[in-house]
Amino acid sequence: YVVPYGNERQNQAGKSATVYALAPNKPVALGIDIEYVRARVQARNLSGECLFEAERGTPEFATPDDLIAFLDALLHDAAAGVSRLGIALEGAGIGVPSHLFGHEGVAYARIAEELAARCAFPVIVDNNIRCFTASIASREQSPVSMLVVTIRSGIGVGIVIDGSIYQGERGCSGEIGHLPAVRDGLPCRCGKTGCLETVVNRAALAADLHAGACGDRPAQQRVQEATELLGKAIAAMMLVLDIRRVAVYAELGEYGSTLQEPLRRAVGEVVNPGFDFDIRYQTLDAQGYVVGAAQLILDEFLLR
């Protein structure tokens with residue numbers, strides 16, 4: 001996994017030093033992010049380079065077997081593409097939402113075991129928000145406690161406590177997107193109605209932010225209400241877990257950053273007086289989900 005990269009001339013007598021670098025073609029792992037709308041695939045190495053990538057639309061899954069069949073085809077196609085580059089895979093990490101089947105929980109272990117048997121290489125399956133959170137937390141210089149909130153077609157929250165990602169008893173931690181928000185609201189994919197993510201999601205917020213910036217008063221009101229609902233949900237998690245640092249990542253277009261101050265105010269109205277906190281908005285780079293998924297495999301090659 002480490003190869004000679006060249007020589008470095010020394011200023012003193014003796015042989016030149018040999019410079020080494022991480023091998024570009026091994027270990028290489030697939031990272032797969034399954035969103036409700038699209039599925040992204042990348043092959044990545046330890047240097048963080050992307051050697052192969054592909055994307056597909058995500059169909060609806062009625063059962064875990066439907067998901068397994070889709071992932072099986074995705075893995076075989078990606079493995080074939082990587083093989084044509086002369087690269088052997090060490091495994092695949094896959095990020096999957098918790099509510100694909102209209103109820104709580106995805107059988108991550110069972111799906112991983114079935115796919116590993118079909119593909120003949122290791123497969124790890126986890127919640128995609130935890131994959132994304134792992135990629136964010138890995139950038140920190142020291143262990144931190146923080147909430148990583150993402151807004152895409154749904155809402156996810158990754159919980160980091162002293163540098164470790166909290167999964168929950170059934171792997172469903174951080175599902176604030178399915179808190180009740182609107183009485184008699186829209187149907188949600190989880191089977192309930194009026195869940196928070198039926199109001200706070202990429203499509204609705206991006207459209208209202210743009211319209212609101214153009215002077216549309218009803219759109220401005222909807223943004224205010226959505227921000228207050230999201231802020232209250234985040235604040236509740238902050239109080240329960242005593243976590244004071246929050247990073248919000250979203251794909252909301254050019255006006256997304258305008259959410260930061262309203263969110264800060266909404267959180268401040270709920271937390272206890274004197275509860276010092278930091279909440280920041282950043283544009284979401286969806287590649288983080290794929291990077292984190294691949295890291296599930298590549299972490300096995302890193303000394304900790």
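No experiment lies behind these values; they were computed from the predicted model shown.
A donor-acceptor pair shorter than 3.5 Å cannot be found between the side chains of Gln220 and Gln224. Checking Glu35 against Ser153 by side-chain atom types alone, a donor-acceptor pair falls below 3.5 Å.
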Next item on the list: Quick one: do Asp299 and Phe301 satisfy side chain to side chain contact (heavy atoms under 4.5 Å, CB included)? Show the steps, please.
Entry: CA-CA 5 Å; Asp299 274 350; Phe301 298 87; over 6 Å; no
Next item on the list: Kindly determine whether Arg245 and Asp276 satisfy salt bridge (Lys or Arg N to Asp or Glu O under 4.0 Å), including the steps that lead there.
Entry: CA-CA 9 Å; Arg245 180 176 168 187; Asp276 187 31; over 6 Å; no
Item checked: Check against side chain to side chain contact (heavy atoms under 4.5 Å, CB included), Val37 and Thr58 -> CA-CA 5 Å; Val37 176; Thr58 304; 5.9 Å; no
Next item on the list: Given side chain to side chain contact (heavy atoms under 4.5 Å, CB included), test Asn127 with Glu175 step by step and report yes or no.
Entry: CA-CA 11 Å; Asn127 186 287; Glu175 291 288 348; 3.9 Å; yes
Checklist line | Val148 and Val157: CA distance, side-chain angles, deciding distance, side chain to side chain contact (heavy atoms under 4.5 Å, CB included) verdict | finding: CA-CA 5 Å; Val148 177; Val157 181; over 6 Å; no
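Shown here are the salt bridge (Lys or Arg N to Asp or Glu O under 4.0 Å) partners of Arg118, two or more places apart in sequence or in another chain: Asp72, Glu114. A search for ring-ring contact (aromatic ring centres under 6.0 Å, His included) contacts involving Tyr249 returns Phe132, not counting sequence neighbours. Looking at residues two or more places apart in sequence or on another chain, you find a salt bridge (Lys or Arg N to Asp or Glu O under 4.0 Å) between Glu251 and Arg38, Arg202. Partners of Asp278 by salt bridge (Lys or Arg N to Asp or Glu O under 4.0 Å), not counting sequence neighbours, listed by chain and number: Arg280. Under the ring-ring contact (aromatic ring centres under 6.0 Å, His included) criterion, Tyr20 pairs with no residue at all, not counting sequence neighbours. Applying the salt bridge (Lys or Arg N to Asp or Glu O under 4.0 Å) test to Asp285 and every residue at least two apart in sequence or in another chain returns nothing.
To the nearest 0.5 Å, atom CD of residue Gln260 and atom CD of residue Gln282 are 9.0 Å apart. For the atom pair Asn128 CG and Ile32 CD1, the distance stands at 12.5 Å (nearest 0.5 Å). The distance from atom CD1 of Ile124 to atom CD of Glu113, rounded to the nearest 0.5 Å, is 13.5 Å. Atom CD of residue Gln287 and atom OG of residue Ser135 lie 9.5 Å apart, to the nearest 0.5 angstrom. Going from atom CG of Leu74 over to atom CD1 of Ile94 covers 8.0 Å, rounded to the nearest 0.5 Å. Here the straight-line distance linking atom CG of Asp216 with atom CG of Leu209 works out to 11.5 Å at 0.5 Å rounding.
Here the side chain of Glu197 pairs a donor or acceptor atom with the backbone of Ile155 at under 3.5 angstrom. No side-chain donor-acceptor contact under 3.5 Å links Thr193 to the backbone of Asp184. Asn201 places a side-chain N or O within 3.5 Å of a backbone atom of Ala204 that can act as its donor or acceptor partner. A donor-acceptor contact shorter than 3.5 Å is absent between the side chain of Asp65 and the backbone of Ile68.
By the 4.5 Å heavy-atom criterion applied to side chains, His76 and Cys119 are counted as neighbours. Counting only heavy atoms from C-beta outward, the side chains of Val160 and Ser145 never approach each other to under 4.5 Å. The shortest side-chain heavy-atom distance between Ile151 and Leu284 does not fall under the 4.5 Å cut-off. Put simply, the side chain of Tyr281 does not reach to within 4.5 Å of the side chain of Leu263, judged on heavy atoms. For the pair Tyr36/Arg189, a side-chain contact is recorded, criterion being any heavy-atom separation below 4.5 Å from C-beta on. Cys131 places a side-chain heavy atom less than 4.5 Å from the side chain of Leu296. Residues Leu51 and Ile87 form a side-chain contact, since some pair of their non-hydrogen atoms from C-beta on lies under 4.5 Å apart. The shortest side-chain heavy-atom distance between His210 and Tyr255 falls under the 4.5 Å cut-off.
When all heavy atoms of Gly57 and Pro59 are compared, the pair lying nearest together is O-CD, 3.5 Å. The two residues Tyr108 and Val125 come nearest to each other via the heavy atoms CB-O, 3.4 Å. Counting all heavy atoms, side chain and backbone alike, Gly91 lies closest to Ile297 at C-CG1, 3.9 Å. The shortest heavy-atom contact between Ile159 and Gly174 is CD1-N, 4.1 Å. Here the shortest heavy-atom pairing between Leu298 and Pro27 reads CD2-O, 3.9 Å. Cys195 approaches Lys192 most closely through the heavy-atom pair SG-CE, 3.6 Å.
Under the 4.5 Å side-chain heavy-atom criterion for grouping Ile, Leu, Val, Met, Phe, Trp and Tyr, Val41 is connected to Leu89 within one hydrophobic cluster. A continuous path of ILVMFWY side-chain contacts below 4.5 Å connects Val199 to Val267, so both sit in one hydrophobic cluster. In this structure, Val290 is not a member of the same hydrophobic cluster as Val123, with clusters built from ILVMFWY side-chain heavy atoms closer than 4.5 Å. Residue Val291 is not grouped with residue Ile165 when hydrophobic side chains (ILVMFWY) are merged at heavy-atom distances under 4.5 angstrom, including chains of intermediate members. Under a hydrophobic-cluster definition in which Ile, Leu, Val, Met, Phe, Trp and Tyr are linked whenever side-chain heavy atoms come within less than 4.5 Å, directly or via other members, Phe277 and Val248 are assigned to the same cluster.
For the pairing with Val200, the side chain to side chain contact (heavy atoms under 4.5 Å, CB included) check across Leu205, Leu259, Thr227, Ile176 returns one residue only, Leu205.
For residues 259-275, the set of pairs meeting the salt bridge (charged side-chain N to carboxylate O under 4.0 Å, His left out) definition, not counting sequence neighbours, comprises Glu261-Arg264. Applying the salt bridge (charged side-chain N to carboxylate O under 4.0 Å, His left out) test to pairs two or more places apart or on separate chains, those with a residue in residues 204-213 are Asp208-Arg222. Evaluation of the ring pair (Phe, Tyr, Trp, His ring centres under 6.0 Å) test over residues 177-196, restricted to residues two or more places apart or in two chains, returns His99-His178. For residues 122-134, the pairs satisfying salt bridge (charged side-chain N to carboxylate O under 4.0 Å, His left out) are Asp126-Arg130, with sequence neighbours left out. Applying the salt bridge (charged side-chain N to carboxylate O under 4.0 Å, His left out) test to residues at least two apart or on different chains, the pairs with a partner in residues 19-34 are Asp33-Arg152.
Note that Arg40 lies outside the cation-pi zone of Tyr289, set by a 6.0 Å cut-off to the ring centre and a 45° limit from the axis.
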Table please: side-chain donor-acceptor pairs of residues 229-243 below 3.5 Å, with sequence neighbours left out.
unit_1 : atom_1 : unit_2 : atom_2 : d
Asp242 : OD1    : Arg244 : NE     : 3.1
Asp242 : OD1    : Arg244 : NH2    : 3.1

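Within 6.0 Å of the CD atom in Glu60, the count of heavy atoms belonging to other residues, nucleotides or ligands does not exceed 12.
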